[in-house]
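Here's the structure, in C-alpha cells; my notes come after.
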Number of protein chains: 6
Amino acid sequence: MSDHEHSGDIKKFWEERGQLNELVLQKGGLGIKRFFSLDHQVYQEGALSVKTKELLGLVASLVLRCDDCIYYHLIRCHEEKVSDQELEESLAIGLIVGGSITIPHLRRAFKAWEDLRSGKDLKTD
Amino acid sequence: MSDHEHSGDIKKFWEERGQLNELVLQKGGLGIKRFFSLDHQVYQEGALSVKTKELLGLVASLVLRCDDCIYYHLIRCHEEKVSDQELEESLAIGLIVGGSITIPHLRRAFKAWEDLRSGKDLKTD
Amino acid sequence: MSDHEHSGDIKKFWEERGQLNELVLQKGGLGIKRFFSLDHQVYQEGALSVKTKELLGLVASLVLRCDDCIYYHLIRCHEEKVSDQELEESLAIGLIVGGSITIPHLRRAFKAWEDLRSGKDLKTD
Amino acid sequence: MSDHEHSGDIKKFWEERGQLNELVLQKGGLGIKRFFSLDHQVYQEGALSVKTKELLGLVASLVLRCDDCIYYHLIRCHEEKVSDQELEESLAIGLIVGGSITIPHLRRAFKAWEDLRSGKDLKTD
Amino acid sequence: MSDHEHSGDIKKFWEERGQLNELVLQKGGLGIKRFFSLDHQVYQEGALSVKTKELLGLVASLVLRCDDCIYYHLIRCHEEKVSDQELEESLAIGLIVGGSITIPHLRRAFKAWEDLRSGKDLKTD
Amino acid sequence: MSDHEHSGDIKKFWEERGQLNELVLQKGGLGIKRFFSLDHQVYQEGALSVKTKELLGLVASLVLRCDDCIYYHLIRCHEEKVSDQELEESLAIGLIVGGSITIPHLRRAFKAWEDLRSGKDLKTD
C-alpha cells in the first residue's frame, strides 16, 4: 500500500461528510436537525476552551471506536493548534481506557494526524 | 466523490452478503446454522407486524453501529413499504438513544435509503 | 431472595429517576436541558404510533444493556397497552440481535413486566 | 464493607438467575427458548474442551463488561477445575483487550473467584 | 429514597475499590500489575494538565457507561479543583456523544458530584 | 464481486498493520510503547497454551466486532495450527455471546480463514 492510498482517507471522509450531512438535514425531521445543532453547540467556548472540548470529543470517539468521528475531531484539533504531544497524551489515555481493541483506530489516527500536520489542506488540496 | 461511488454501497453489501452467507452455512456447525435459522424466525409475522419488527431490527442496528446490519434492515424495510417518514422517525430515535457517535451510520443510512427509494433494484440492476 | 426483594426494583428506579432528573435539570446547562427535551419529543405520535416508538426505545435499550432505560420503556409500554405477546416478540428480537450477553437484562425485564402487569401501581403503591 | 457483604454477591446472583430463568422460559416464546437451548449447546465438549470453552465465555463476558455473565462462567470454570493461574491469564487477556474500563469487573471477578475457591458451596451453603 | 441512601454510593465505591485493588494486585500476575501501573502513568502531568487528563478519563467513562470509572474520575476531578461549570460542560459532551443511553449514569454523576462538593470527605467521613 | 477482491482483505490488513505500527511506535510516547509491549506479553505461553490464548483473543475481538483484531488473531491461530473445527467452535461461542450483530464479522472471518487455509502466504505472496 502506497502512502498515496493512505493519505486520502481523511480527505475522502471530509468530502463524504459534507455531501451526506446535506442529505441528512434535507431528509431529517426537526428532531434530527435539533440534535445536529446541539452537537455543534456543546463544543463552543465556555468554562473549558474549544481545544479542550475537541480533545474530549476525540477521546470519546477513540474509546467508542468510530473512525469518522476520530477524523472529524482530529481535523478540529489541528485547526485549534493542538500540539503533537497534547494529541499523543490524549490518544494514550483513550488506548488505556479502551484497550487493545482500539489499536486499529489508534493506527489510523496517527496516520491521519501525520497527513494533517504535513500540510495537506483538506479544503483546497 | 461521485454519486456513482456512493450508490454502489448497498448493492455491494447485498452481493457480498449472499456469497459469504453460503460460505458460513457450508463451514459452520449446527450451532451457527441454528442461530441463522432463529435469526430468520424472530422477524416473522406475529402479534407485531413484519414491518414493525424490521424497524426494531433497524434501530437496534443503528445504536449498535453496524453498517451491514443497517443496510440489511433498510432493504427489508423498503420491501415492507415503510414510508419515508416512518423511516425518519425510527432513525431519529436511534440517534437520540445512541448519540452523535451514530451520525456516520445515520448519514450512510439516509444515502442507502435514497438509493433504494430511487428505484435501484438490488437484484436485477 | 423473596418476591418482595425483586418487586421493588422498578419502583425504586422510578423514584430515584424522578429525584435525580430534577437535580440534572437544576445543575445542567442549556445543552443538557435541550437534549432532555429532544429525548421527550422523538417519542411523540407521528407517522409511527407512540406504542411502536416505545418498543423501538425498549429494544435499543436492551441491545445496549441499560437496565434503567429498559425499566423506563417497560413502564411506558405498559401505559401504552402493549400486550404480553408484543412485548415478548420485541424482547426476542433484542435477544437475537444482542446475544446471550443481554440475558441478565432480559431476565430482569420479564420480572419487571410481570410486576407492572400484576397491577402494582408505581405512582400510588 | 465487611467480607460478609462481599461474599454474598455470587451466591445472590446464582439464586436470582435460577428464579428468573424459570420466569423467562415460562413467559418466553419459541425463539427465546431455542436461543437458551443454543446457548447451552455451544459450550458442550467438541474439538475444544469444555474448560477451554468456558474460558472463552469468561473472556467474552469480561470485555463486554457483564458481571452476571462473568459470575456464571466463573462458577462453571470452577466446576471444570480451572487453575488459579489459568484464570489469571485469561482475565489478563480480557483486561488488555478491553482496557481499564473493565477493571471494576476484574476486581469483582477476582473476589468471586476467591469466594468460589475458599469452598463456599453455592448450592448447599 | 432518602438523601442518606444516595450519598453513600461514592463512599461505598471508594472503600470497595481499595479492598479489591489489593486483592487484584495480590492475585494478579505481571501483566495485570503492569497494566495498573500504566493506568496510573497516563494521567500524570505532561503537555496536558492533570485536570484536563482527568476530564478526558471522565468523558471516556461516561460514554462507555461505567459508574465506578465515573466515580473514580469525579473524585480525582474534585481533588484537581475542577469547577462546577467545567464539569457540566464535560458531561454535556459525553451526553451528546453517547446519547440518552448515558442518562442514568449522568444522573448518578451529578448526584455524586453534589456529594463531593458538599464537603463529604471520602477518607475521614 | 470476484474471489480476487475478497481474498485481498487479510493481506491488505497485514501490510497496513506493519506500516502503521511503525508510525505509532515512532510517534507514540512511553505509555503507548509499554501498552504495545504488554499486549504482546499476555499472549505468551503460560499455564494456558499460546493456541488457547489466541482463541481467547479471537473471541474477544469477535464480540467487540473489530475486523482488524479478528484478522490478526486468525493469522496467529493459523500459525498455531488451530484446526477448522476448533476455529468453528470458537466463532460459534462468539456468535451466541455477541448476537446477530456479529454476523457481518463472522462472514468475513470465515472468508479470511478460508484464504489462510488455502495456502496464501501473507509474507511472500
Side-chain angles (χ1 to χ4, degrees), chain B residues 8-44 53-54 56-76 94 98 101-102 104-105 108 112 122 125, chain F residues 1-10 12-13 55 58-71 73-74 77-78 82-120:
Chain B
D9 281 4
I10 200 164
K11 189 170 160 62
K12 183 183 161 198
F13 153 70
W14 191 255
E15 288 173 355
E16 184 176 307
R17 179 180 178 275
Q19 289 186 340
L20 296 189
N21 267 1
E22 271 183 53
L23 179 67
V24 171
L25 292 176
Q26 178 194 330
K27 301 289 182 185
L30 205 54
I32 289 177
K33 285 185 180 68
R34 280 181 178 152
F35 185 89
F36 271 59
S37 165
L38 207 42
D39 184 28
H40 178 74
Q41 293 162 33
V42 291
Y43 293 98
Q44 299 308 298
K53 290 186 168 188
E54 287 300 330
L56 292 173
L58 176 67
V59 172
S61 300
L62 179 55
V63 299
L64 289 174
R65 301 185 282 129
C66 171
D67 278 338
D68 281 8
C69 310
I70 292 169
Y71 289 160
Y72 173 77
H73 288 293
L74 284 177
I75 291 168
R76 291 288 299 113
I101 206 79
T102 68
H105 306 274
R108 291 187 284 266
L122 283 176
D125 184 12
Chain F
M1 179 177 303
S2 70
D3 274 353
H4 178 72
E5 276 170 278
H6 268 314
S7 68
D9 282 4
I10 200 165
K12 184 183 160 197
F13 152 71
L55 291 174
L58 176 66
V59 171
S61 300
L62 179 55
V63 299
L64 289 175
R65 302 185 283 129
C66 172
D67 278 337
D68 281 8
C69 310
I70 292 170
Y71 289 160
H73 288 294
L74 284 177
C77 283
H78 183 57
V82 167
S83 73
D84 286 355
Q85 204 183 332
E86 288 168 333
L87 190 92
E88 193 278 336
E89 293 179 10
S90 300
L91 295 178
I93 287 176
L95 171 62
I96 296 302
V97 174
S100 69
I101 206 79
T102 68
I103 289 179
H105 305 275
L106 189 79
R107 284 185 198 116
R108 291 188 283 267
F110 271 109
K111 176 64 186 156
W113 185 250
E114 194 183 56
D115 289 348
L116 288 165
R117 293 289 277 166
S118 71
K120 290 171 187 160

Using 0.5 Å steps for rounding, measure from the [atom1] atom of [X] to the [atom2] atom of [Y].
X: B:Phe35; Y: F:Leu106; atom1: CZ; atom2: CG; answer: 9.5 Å
X: B:Arg34; Y: F:Ile96; atom1: CZ; atom2: CD1; answer: 10.5 Å
X: F:Glu114; Y: B:Gln26; atom1: CD; atom2: CD; answer: 7.0 Å

F:Arg65 side chain to B:Leu64 backbone, donor-acceptor under 3.5 Å: yes
With sequence neighbours excluded, residues passing side-chain hydrogen bond (donor to acceptor under 3.5 Å, both in side chains) with F:Asp67: F:His105, F:Arg108
Which portion of B:Leu23 sits near chain F, non-hydrogen atoms under 4.5 angstrom: side chain
Side chain / backbone / both / neither for B:Tyr72 at chain F, heavy atoms under 4.5 Å: neither
More than 12 heavy atoms of other groups within 6.0 Å of B:Glu22 CD: no
Nearest heavy atoms of B:Ser61 and F:Ile101, plus distance in Å: CA-CD1, 4.1 Å
Chain B neighbours within residues 85-92 of chain F, where any heavy atom lies under 4.5 Å away: F:Glu88, F:Ala92
Candidate pair B:Asp39 and F:Ile103, rule side chain to side chain contact (heavy atoms under 4.5 Å, CB included), full reasoning: CA-CA 10 Å; B:Asp39 184 28; F:Ile103 289 179; 3.7 Å; yes
